[in-house]
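Below: one structure, written as structure tokens.
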Amino acid sequence: MITAQIDQTFPGIALKLLAGTATGGGGTLGVSTGQKTLTTSPQIIISGIGGAFTGNGVNNGHQLTLATEITNYTQLVQTSSQTITITYTISN
């Protein structure tokens, strides 16, 4: 399985991640678990990975799509630029 989590949250904003259907390669490439709202706890984004390879280069593997959603306008605060780190973990 592959999990994803962020290192911090921001009031009033949700960060969403979608792993697309695997392309290229062969074997048991795993299945996306659908769009997840990332938190500081690991969220499973791909499950069921077996012996597989995705190939090299563009258009191989699971395409990742990130989106932001404003969840509460009253909590938004103007700040300087900040970095969000997303950690991906592959495990069995």
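In this structure, Ile45 and Lys36 approach most closely via the heavy-atom pair CG2-CG, 4.2 Å. The shortest heavy-atom contact between Leu76 and Gly12 is CD2-O, 3.9 Å. For Leu17 against Ala4, the heavy-atom pair with the smallest separation is CD2-CB, 3.8 Å. The nearest pair of heavy atoms linking Ile46 to Ala19 is CG1-CB, 3.8 Å. Considering every non-hydrogen atom in both Thr28 and Gly48, the closest pair reads CG2-O, 3.1 Å. Ile49 approaches Leu29 most closely through the heavy-atom pair CG1-O, 3.9 Å.
Environment of CD in Gln63: sparse, with no more than 12 heavy atoms of neighbouring residues, nucleotides or ligands closer than 6.0 Å. More than 12 non-hydrogen atoms from other residues, nucleotides or ligands lie less than 6.0 angstrom from CG of Asp7. Other residues, nucleotides and ligands contribute only 12 or fewer heavy atoms inside 6.0 Å of the CG atom of Asn56.
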task = Could you walk me through whether Leu15 and Ile86 pass side-chain contact (heavy atoms from CB on, under 4.5 Å), step by step?
result = CA-CA 10 Å; Leu15 182 62; Ile86 303 173; 4.1 Å; yes

query = When you look at Ser32 and Leu18, which way does the side-chain contact (heavy atoms from CB on, under 4.5 Å) test go after all the steps?
reply = CA-CA 8 Å; Ser32 171; Leu18 174 65; 4.1 Å; yes

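A donor-acceptor pair under 3.5 Å is formed between the side chain of His62 and the backbone N or O of Gly20. Remark: the backbone N or O of Ile44 is paired with a side-chain donor or acceptor of Thr33 at under 3.5 angstrom.
Atoms CD and OG1, on Gln8 and Thr39 in that order, are 13.0 Å from each other to the nearest 0.5 Å. The line from NZ of Lys16 to OG1 of Thr68 is 10.5 Å long, rounded to the nearest 0.5 Å. Atom-to-atom distance recorded for Glu69:CD and Gln35:CD is 8.0 Å, nearest 0.5 angstrom. Atom OG1 of Thr9 is separated from atom CD1 of Ile84 by 9.0 Å, given to the nearest 0.5 angstrom. If you take CZ on Phe10 and CD on Gln82, they are separated by 4.0 Å, rounding to the nearest 0.5 Å.
A continuous path of hydrophobic side-chain contacts links Leu64 to Leu38 [ILVMFWY only; heavy atoms under 4.5 Å]. In this structure, Met1 is not a member of the same hydrophobic cluster as Ile90, with clusters built from ILVMFWY side-chain heavy atoms closer than 4.5 Å. Residue Ile13 is grouped with residue Tyr73 when hydrophobic side chains (ILVMFWY) are merged at heavy-atom distances under 4.5 angstrom, including chains of intermediate members. Grouping the Ile, Leu, Val, Met, Phe, Trp and Tyr side chains by contacts below 4.5 angstrom, directly or via other members, places Phe53 apart from Ile2.
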